[in-house]
There are 2 protein chains.
Amino acid sequence: MADMAKQLAGIPLFSGLLQAQYEALSRISLKRSFLKGERIFSEGDEGTGFYVVAGGRVKIFKVSMEGKEQILHLCRPGETFGEVSVFTGQGFPADAVAALPTTVLFFPRAAFISLIRQDPALALNMMAQLSKRLREFAGLIEDLSLKEVPGRLAKYLLYLGGLDRNDAVALDVSKGQLAALLGTIPETLSRILTKLNHQGLIRSQGAQIMILDRRGLEEIAQEGKRLP
Amino acid sequence: MADMAKQLAGIPLFSGLLQAQYEALSRISLKRSFLKGERIFSEGDEGTGFYVVAGGRVKIFKVSMEGKEQILHLCRPGETFGEVSVFTGQGFPADAVAALPTTVLFFPRAAFISLIRQDPALALNMMAQLSKRLREFAGLIEDLSLKEVPGRLAKYLLYLGGLDRNDAVALDVSKGQLAALLGTIPETLSRILTKLNHQGLIRSQGAQIMILDRRGLEEIAQEGKRLP
DNA sequence: ACATCCCGTTGACGGATGTCAAAGTCCTTT
DNA sequence: AAAGGACTTTGACATCCGTCAACGGGATGT
């Protein structure tokens, strides 16, 4: 139980809480594991609580009638998902599937809310979490509506390359999933990658991509410059 | 001061609080008014607090390099905006402009946070507010990515018509703004409205629109049926 | 080693939508 | 009433992107 508390302390949502809170949290939480591809919940399911990713990765997404999917978020360890329905009382707004072998902690709604009532720090953390997600979504909406696919891809590559100021980046998702993340389809993504290669902006080989011209990518990502 | 408290009680964010909280809220809030078209804040501005619409309407939006705008949300009386930067501590994630002559209440960040620490009900309300917005954004992302413009328009018309089960709806925004809300441009919106008229699904005349074929609109909105 | 399958790539094609230009309409102002 | 301006509509056009189809390659399992 003590190491459980230590594990919880490393999660942003639970940072800076009192010791008693960690014990309470570990008491109410349930550990669940999923195989890669296994569904965690579906859109519309009743939300009886929310989740924190302990290990693996969880894909939150919407699916169209024709089967095309738009990824809303890829949750990595320490991130939460399913919180929305805890506070609105409605069903989950999207689907959740394990994108890798995944372990999550589940926090039942009622018990968690009563903890929030007791500890304002937990409430503030949760609000920060929701706000961060809201900001991300606003960015995604902006990208989908105001940028073309090359712009979104360039932005993503720069994001990957900006993490460690490294020009050699490795895609951490399959290209099909990257397409769904960028709001397009694998064919289009493949064509644009080819163009970027041809233009000398990147050199890509499988999931390994070298950023050759940062400035060029920035022009595409920010100013919407066209690819010849 | 007493009527101020009464006014606050009508706002979802502040529902169900203790009397003392209403007094505290009115003490820390600032009333501000804006002319139609006046800017309330810009993306990136430091967020020193958040707002509640008292009267009028506030447009929250993103603008592309080329000047196209995507409306994220039209805030009506009782709704909040600018909360995200209160909890993330970063700048505002979008622009805010008064879409009508507008009055807002401004709540400075530090004072509001200290109120949250004192009243879990306020915290829970705020989380519900954030969650509701998150759900909306998820829907907008889904629409932008997975639906075509006719689908988004049909959904919007059905939304307007569904409020009072009335088949005679009146657009409450200009067509240019509606286009920005749907993630398109006025020309495209105009063409699609013409098509819907021609198809006998609606009969539109200026801002007045008669829904003639609900089922037909639903097919377009949900199943992505094409317009001939 | 071979077959199979999944993923990614490439090509041909069409449709939806943004761009540019111009005309038309409505409302406000003078 | 006339004039001006903003909003809306319509047309011609370009292009991005999704669809369909076929191919290639690497991984897995028999």
Side-chain angles (χ1 to χ4, degrees), chain A residues 36-37 63-70 99 143-154 170-199 202-209 220 224-228, chain B residues 35-37 59 63-71 99-101 143-154 170-199 202-209 220-221 224-228:
Chain A
K36 174 176 175 176
V63 188
S64 75
M65 205 58 53
E66 298 85 26
K68 185 184 169 192
E69 84 181 30
Q70 170 68 50
D143 291 347
L144 287 173
S145 173
L146 304 177
K147 287 183 163 75
E148 300 181 341
V149 183
R152 292 175 235 157
L153 174 57
L171 297 184
D172 52 354
V173 293
S174 79
K175 291 188 178 175
Q177 291 297 286
L178 177 55
L181 197 54
L182 298 178
T184 186
I185 55 174
E187 291 96 319
T188 297
L189 174 62
S190 177
R191 282 182 240 275
I192 295 175
L193 276 173
T194 303
K195 273 194 190 177
L196 291 178
N197 269 298
H198 204 71
Q199 284 283 117
I202 64 173
R203 192 160 57 77
S204 80
Q205 182 178 274
Q208 299 300 316
I209 297 184
I220 294 170
K225 191 186 150 199
R226 310 275 172 159
L227 284 175
Chain B
L35 301 175
K36 174 176 175 177
K59 176 172 72 173
V63 188
S64 75
M65 205 56 57
E66 299 85 25
K68 185 186 168 192
E69 84 181 28
Q70 170 68 50
I71 297 177
L100 297 174
D143 290 347
L144 287 174
S145 174
L146 304 177
K147 287 184 163 77
E148 301 182 339
V149 183
R152 293 176 234 156
L153 173 57
L171 297 183
D172 53 353
V173 293
S174 80
K175 291 186 178 175
Q177 291 297 287
L178 177 56
L181 197 54
L182 299 178
T184 185
I185 56 175
E187 292 96 319
T188 298
L189 173 61
S190 178
R191 281 182 238 275
I192 295 174
L193 276 173
T194 303
K195 273 195 192 176
L196 291 179
N197 269 298
H198 202 72
Q199 284 284 117
I202 64 172
R203 192 160 57 77
S204 81
Q205 182 177 271
Q208 299 299 318
I209 297 183
I220 295 170
K225 190 188 153 200
R226 309 275 173 159
L227 285 174

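Naming: A, B, ... by sequence-line order, numbering from 1 per chain. None of these values were measured; they are calculated from a predicted model. No hydrogens, no waters, no symmetry mates; every other heavy atom, side chains included, goes into these values.
More than 12 heavy atoms of other residues, nucleotides or ligands shown are found within 6.0 angstrom of CD on E66(A).
Atom-to-atom distance recorded for L153(B):CG and L182(B):CG is 6.0 Å, nearest 0.5 angstrom.
No side-chain donor-acceptor contact under 3.5 Å links D143(A) to the backbone of R152(A). The backbone N or O of G206(B) lies less than 3.5 Å from a partner atom in the side chain of K175(B), making a donor-acceptor pair.
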Exercise. What's the verdict on side-chain contact (heavy atoms from CB on, under 4.5 Å) for L144(B) and Q70(B), showing C-alpha distance, side-chain angles and the deciding distance?
Worked result: CA-CA 11 Å; L144(B) 287 174; Q70(B) 170 68 50; 4.1 Å; yes
Exercise. Could you walk me through whether I209(A) and R203(A) pass the side-chain contact (heavy atoms from CB on, under 4.5 Å) check?
Worked result: CA-CA 6 Å; I209(A) 297 184; R203(A) 192 160 57 77; over 6 Å; no
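Rounded to 10 degrees, the angle separating the terminal axes of the helix from dA1(C)-dT30(D) to dT30(C)-dA1(D) is 40°, with each axis obtained from five end pairs.
Rounded to a whole Å, the NZ atom of K36(A) is 11 Å from the C1' atom of dC6(C). Rounded to whole Å, the distance from CD on Q70(B) to P on dG18(C) is 11 Å. Between L144(B) atom CG and dG18(C) atom P there is a gap of 11 Å when expressed in whole angstrom units. The separation between M65(B) atom CE and dG18(C) atom C1' is 18 Å, rounded to whole Å.
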Seminar exercise, completed: For nucleotides 4-20 of chain D, 5' to 3', base contacts (B), sugar-phosphate-only contacts (S) and non-contacts (-) with protein non-hydrogen atoms under 4.0 Å give ----SSBBB---SSBBB
Donor-acceptor pairs are to be reported for all side-chain atoms of residues 184-196 of chain B against protein atoms at under 3.5 Å, with residues two or more places apart or in another chain.
from: T194(B); atom 1: OG1; to: S190(B); atom 2: O; distance (Å): 2.9

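Considering I71(B), L171(B), D172(B) as possible partners of L178(B), the one that fulfils the side-chain contact (heavy atoms from CB on, under 4.5 Å) test is L171(B).
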